[in-house]
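Keep in mind it's a predicted model, so treat the numbers as computed, not measured.
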Amino acid sequence: MAPANLWRGLIRALEVKHHGGDGSQMSYTESFLSNDDLDPVPPEKRTWAAWNFVSFWVADTFNINTWMIASSMIQLGLSWWQAWICVWIGYGIMAPFLVLNARPGAMFHITFPVVARASFGLWGSLWCVFNRAAMACVWYGVQASIGGNCMLVMLRAMWPSVNNIPNSMPASSGTNTRDFMCFFLFWLISLPAIWLPIHKVRHLFTLKAIIVPIAGITFFIWCIVKAHGVGPIVHQPAQIHGSELGWGIVVSVMSCMSNMITLVTNAPDFASRSTKPSDALLPQLISIPVGYGVVCFLGVIVSSFSQAIYGEAIWSPVDLLGMFLNNNPSHATRFGVWFIAAAFIIAQLGTNIAANSVSAGCDLTALFPRFINIRRGGYIAAIVGLCMLPWNLLKSSNNFTTYLSAYSVFLSSIAGVMLADYYLVHKGHYRVTDLYDAKKDGWYYYTYGFNLRAYAGYISGILINVVGFAGATGQSVPLAATHIYDLSFFTGLGTAGLVYWVLNQIFPARGAAKMFEEVDLTEYTTDETDEDFDRKSETKDSVDVVESSV
């Protein structure tokens, strides 16, 4: 008996806080659907005001990936201004999709894994959550690897001898002792930031929104002075023309959209902490395209400066800073490089928390709510990122863009189903308690916890792009399939949403509404009709209408 009691004690010690609505301990089944981080966010933790969302996007856009995203477009043959327009178009299109998908989180204060239950079912949502969690863990490692490069430049600015650390690692590792040390240091200093809960981590983004833009503008001005002009890239015309140019623009726009699909999918995570729904609307709609447009402009122009200085375009700001440290630079140069590199470290840290740590934490919480909360999930993502050798994923900008596009195929189908469910099927009508209850007559139990309509839409969105995806991996496929894949976000999201909506017209889901109104119908029984709701809602006190965004 002693070993059994010890085992039960260990299990209880590993469990996270999860209580019923009345404060009592949950049942075994309920413990797989709820804990304190999965439940609707309480009022005291709804601390994200409008300016927090602005600072979040100012902070998130200032990172190495955004700085370099125009490089693949120019290498594809576009002129710099064509590439810049593609950035504005791509992120300008994605901003409304992000706001639309964030809406359920802002209205009902629930995170992405819980919103996904409304469309995919209580248990069916777990595949979507797992897919997002796995990719968040992968991307945590990739962003940490880039942060390690920033760490190397910063350390070189202080101690130039760091660059000469002897290597003791085998070639099969894909790295060396010096680079791994810098990667590990960045990984290590990221751990305290994971400890912060979502409603408090906004302060990190505020700090980043102040320091990093100052460093970026300083870098920009420094390069102007050093290059004595803007450089040749801004005078370089497009290298492709006609239909090739047209599809080059399409591919470039889609690469920007693919770069955003992760944040579109899990947009409810941060919106759930909004003080009021409108705080997650206009601030994000404006700050996303503006932030990405400004940072990409800085990246293109600084790279043009680099070509004037060194005779070649250096797209990575980290590599360019490293070149400033060659040939015995002055103390002023070393200090300038140190400051900018330190700012880029903060930039990568903030981006990793925003796009990956929090996302992985929320998702892993939904997969194992009995034992994992957002904080523990964030640390799991950090461990996975350490163990996966992320530097092997960063070989060239072309591979990077291909990877982003492949990712978009899967997540755009998930987003298509979620958007169609909220706006076209349930039309804003929720039963929040049913999102945490496995009773068979609940709205979201569907067929043994799986919404087969949602999976039919999801698979359709993937299948329409699968041939083109094979072409992107080097297989010989028809040109039409390649062009469909070039539009993978729209084809995946549109097909998934359309199939899901059509199936709901043929086989209506429980709770399907006739009119759009964002309301929590928890107090009503599941067999009440829309007519019952319409009649009862004439009296304002008869229904708990969620706060309007207006």
Measure centre to centre between the rings of W48 and F53, then say whether the value is under 6.0 Å. yes

So, do I189 and L349 sit near enough that their side-chain heavy atoms are less than 4.5 Å apart? no

Do the non-hydrogen side-chain atoms of T111 and R273 ever get within less than 4.5 Å of each other? yes

Geometric class of the F120/Y455 ring pair [parallel <30°, tilted 30-60°, perpendicular >60°]: perpendicular

Which residues share a ring pair (Phe, Tyr, Trp, His ring centres under 6.0 Å) with F186, sequence neighbours left out: none

Does some side-chain heavy atom of R510 sit less than 4.5 Å from a side-chain heavy atom of D434? no

Taking atom types as modelled, find out whether D39 and S34 have a side-chain donor-acceptor pair closer than 3.5 angstrom. yes

Please check: side-chain N/O of N35 versus main-chain N/O of R370, any donor-acceptor pairing under 3.5 Å? no

Step by step, would you call Y430 with Y422 a ring-ring contact (aromatic ring centres under 6.0 Å, His included)? CA-CA 9 Å; Y430 262 40; Y422 188 75; 5.7 Å; yes

I'd like to know if the side chain of R132 and the backbone of N266 have a donor-acceptor N/O pair within less than 3.5 Å. no

Please tell me whether Y458 and W127 have a donor and an acceptor in their side chains that are separated by less than 3.5 angstrom. yes

Looking at D60 and K208, is any side-chain nitrogen of the basic one under 4.0 Å from a carboxylate oxygen of the acidic one? no

Taking atom types as modelled and ignoring hydrogens, do the side chains of Y500 and D421 form a donor-acceptor contact shorter than 3.5 angstrom? yes

Hey, what do you get for CG (N504) to OG (S119), rounding to the nearest 0.5 Å? 10.0 Å

So do the side chains of R202 and F270 get within less than 4.5 Å of each other, counting heavy atoms only? no

Would the distance check show the side chain of Q143 and the main-chain N or O of W139 forming a donor-acceptor pair, the cut-off being under 3.5 Å? no

Is the closest side-chain heavy-atom distance between Y446 and L452 below 4.5 Å? no

Listed by chain and number, what are the ring pair (Phe, Tyr, Trp, His ring centres under 6.0 Å) partners of W187, not counting sequence neighbours? F184

Would you mind reporting whether F183 and P390 have side-chain heavy atoms less than 4.5 Å apart? yes

Where does the angle between the aromatic ring planes of W67 and F344 fall among parallel (under 30°), tilted (30 to 60°) and perpendicular (over 60°)? perpendicular

dist I353:CD1 -> L196:CG (nearest 0.5 Å) comes out at 8.0 Å

Could you walk me through whether H429 and W443 satisfy the ring-ring contact (aromatic ring centres under 6.0 Å, His included) test, starting with their C-alpha distance in whole Å, then the side-chain angles of each, then the deciding distance to 0.1 Å, before giving a yes or no? CA-CA 11 Å; H429 294 63; W443 275 18; 7.6 Å; no

